[in-house]
Amino acid sequence: VSNQTSMSSGKNGLMGSLMGAASSARMFWGTLVASGLYQFGEAAIEARSRIEQLEVSFSTLLGSQAQANALLQEIREYGTVTPYDTEGLAQAARLMLSYGMATNKVMPTLRMLGDISMGDKEKLQSLTLAFSQMSASGRVCKEDLNQMVNAGFNPLQIISEETGESIGELNDKVSAGKISVNQIEQAFISATSEGGKFHGMVDNMSNTLSGKIAQMSDGWDNLKASIGGLSSPAVLKAIEIATKTIDGLTEAIEKLKEAAGDTTRYDAGYGKLTANALKYAENKGEKSGKTDKDKEKIRHKTINRGIYYEK
């Protein structure tokens, strides 16, 4: 009997240990899932806020929400099939618009610069800046050309191949103001058109492993932004409530400070009756040898009474 009891007790102990381990595991995974969901929600709201800022800037620059939505949709579609992320493409497009580029030229220019940048996001931004600056100024300067060369593309090389002029001769023309913006733009178009060395470059880059990973990453970011958009009204409401609560607490604290009297201030902050009473109380405290703690109590009491009577 004692052996059976011992075996039964052992089994119960083992089962208890297993159940305890299972419960701990459930708690661990539950905490992990909850933490992951919180982080995802936070990332979704952040992604949506960035897209929202772009939407507002596009709407303002174009003067039309409908045009802004249409352009952003084109940018998203381009981003889903290229190594570029939607947010980076939108920033490049916004830069073009801010320099005064016509809306109908933005996407063709973005695709052209995208091919020449060969999937490199930083090069795309550099080329966009240089190209936009040149187009806005209406003249070709060496600074803009140097930015293009640093980003991996020399439009003078294309012009040289087409005209037979040397790079040195073309640089002299640039210095003399004899190379037009149209010639530089045409060099970009020639380089990315059929037969050009950069033609179809982004399509080719998109089929690489890194290109596919970039597309997946962009799709994930767009998903987060979409989910963030669903929750943004509730988040905005919560922020408004929190802001009002904080403002209310600040106001309440200021009122309490006013009612209690600010002990760091002296006569200048109170009415005449309170100031006189305060001086009297302080003199009395000094003469009677009160402790600092007792003096502070007398000070508060005097201030409160003074404020009360002045009301």
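Ile158 and Ala191 get closest at one heavy-atom pair: CD1-CB, 4.2 Å. The two atoms that bring Ile167 and Ser160 nearest to each other are CD1-CB, 4.0 Å, heavy atoms only. Of all heavy-atom pairs spanning Ser193 and His199, the tightest one is O-CB, 3.1 Å. In terms of heavy-atom proximity, Ile75 sits nearest to Ala90 at CG2-N, 3.8 Å.
Panel note: side chain Ser132, backbone Leu129; no donor-acceptor pair is recorded below 3.5 Å. At least one donor-acceptor pair closer than 3.5 Å links the side chain of Tyr84 to the backbone N or O of Gly114. The closest donor-acceptor contact from the side chain of Gln157 to the backbone of Asn154 lies at 3.5 Å or more, if one exists at all. Using a distance-only test at 3.5 Å, with no hydrogens or angles considered, a donor-acceptor pair links the side chain of Thr80 to the main chain of Glu77. Not a single donor-acceptor pair under 3.5 Å links the side chain of Glu162 to the backbone N or O of Ile159.
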Please tabulate, for side-chain N and O atoms in residues 91-98, each donor-acceptor pair with protein atoms closer than 3.5 Å (sequence neighbours left out).
{"residue": "Ser98", "atom": "OG", "partner": "Arg94", "partner atom": "O", "Å": "3.4"}
{"residue": "Ser98", "atom": "OG", "partner": "Leu95", "partner atom": "O", "Å": "2.7"}

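Legend: salt bridge (charged side-chain N to carboxylate O under 4.0 Å, His left out) pairs involving residues 128-145, not counting sequence neighbours: none detected. The list of salt bridge (charged side-chain N to carboxylate O under 4.0 Å, His left out) pairs with a residue in residues 171-186, not counting sequence neighbours, reads Lys105-Glu185, Glu165-Lys173.
The number of heavy atoms from other shown groups lying within 6.0 Å of CD (Glu122) does not exceed 12.
Side-chain atoms of Gln186 and Asn182 form no donor-acceptor pair, as typed in the model, at a separation below 3.5 Å.
In this structure, CD in Gln183 is found 11.0 Å from OG in Ser190, a value given to the nearest 0.5 Å. Here Ser64 contributes atom OG and Phe58 contributes atom CZ; the two are 13.0 Å apart, rounded to the nearest 0.5 Å. Summarising the geometry, atom OG1 belonging to Thr109 is positioned 12.0 Å from atom CG belonging to Leu127; distances are rounded to the nearest 0.5 Å.
Taking the six-membered ring for Trp, Phe198 and Phe188 have ring centres at least 6.0 Å apart.
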